[in-house]
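Down below is the structure, laid out as structure tokens.
Letters go in sequence order (proteins before strands), and every chain restarts at 1. Heavy atoms only: backbone and side chains are in, while hydrogens, waters and symmetry mates are out.
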Amino acid sequence: MSELRDDPVFYGRVHTLVRQIPPGKVSTYGDVAAMVGGGSDGRAVGLAMAALGPDNADVPWQRVISRDGTISTRGLRQSELLEAEGVTFDAQGRVTMARHRWAGPDAAWCAANRYTPLPPRPPEPEQLELF
DNA sequence: CAGATGACTCCCA
DNA sequence: CTGGGAGCCATCT
């Protein structure tokens, strides 16, 4: 019985963390990898996302995007799902990271589940669209 | 164990 | 903007 995709421990940790991302917020592959820890990186997280199946329908994979706020997937309507959750995009079709970037789960949750909190990041000035 | 694959990220021309 | 190359990791053959 290996129907489950959570067999590998790493995948399970990634999926668990992605489930914590609230609607309207997004995170990046690199950030997820940093929180999962273990020296993993964004590429490994991408694998965990690619391995998602019907069993992981409860994982909001669409909230995990590239560092630049761009959508890596093609043909999966990821941007539409995000837009439906209230995520905004700029004129260049990228997610407004300064506004929707997820700072990570609660510190207590991180400690309880052995996840690494994201390092504090100075608030980036949201760029206004100039006409 | 080596090689290939992939929803990454950074740097440079 | 596009393209190429390098470094990184997890999983499957």
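In the set B:dC10, B:dA7, C:dC9, the nucleotide with an atom closest to the side chain of A:Y29 is B:dA7. The A:L76 side chain lies nearest to B:dA7 when the options are B:dA7, C:dC9, B:dT9. In the set B:dA7, B:dC10, C:dT11, C:dT11 carries the atom at the smallest distance from any side-chain atom of A:Y11. Of the candidate nucleotides B:dT9, B:dG6, B:dA7, B:dG6 has the atom nearest to the side chain of A:L47. For A:T28, taking side-chain heavy atoms from C-beta onward, the closest of the listed nucleotides B:dA7, B:dT9, C:dA10 is B:dT9.
Rounding to the nearest 0.5 angstrom, the gap separating the CD atom in A:Q20 from the CE atom in A:M35 is 10.0 Å.
Following rounding to the nearest Å, A:N56 (CG) and B:dA7 (P) show an atom-to-atom distance of 16 Å. Here C:dC1 presents its C1' atom at 13 Å from CG of A:D68, a figure rounded to the nearest Å. Taking atom CG on A:L17 and atom C1' on C:dA10, their separation rounds to 17 Å, with Å as the unit.
A donor atom on one side chain and an acceptor atom on the other are not found under 3.5 Å apart for A:T70 and A:R94. A:E80 and A:Q62 are not linked by any side-chain donor-acceptor pair at a separation below 3.5 angstrom, with hydrogens and angles left out of the test.
Between the side chain of A:H15 and the main chain of A:V59, no donor-acceptor pair closer than 3.5 Å is present.
Residue-level contact check: A:T73 touches the bases, meaning some heavy atom is under 4.0 Å from a base atom.
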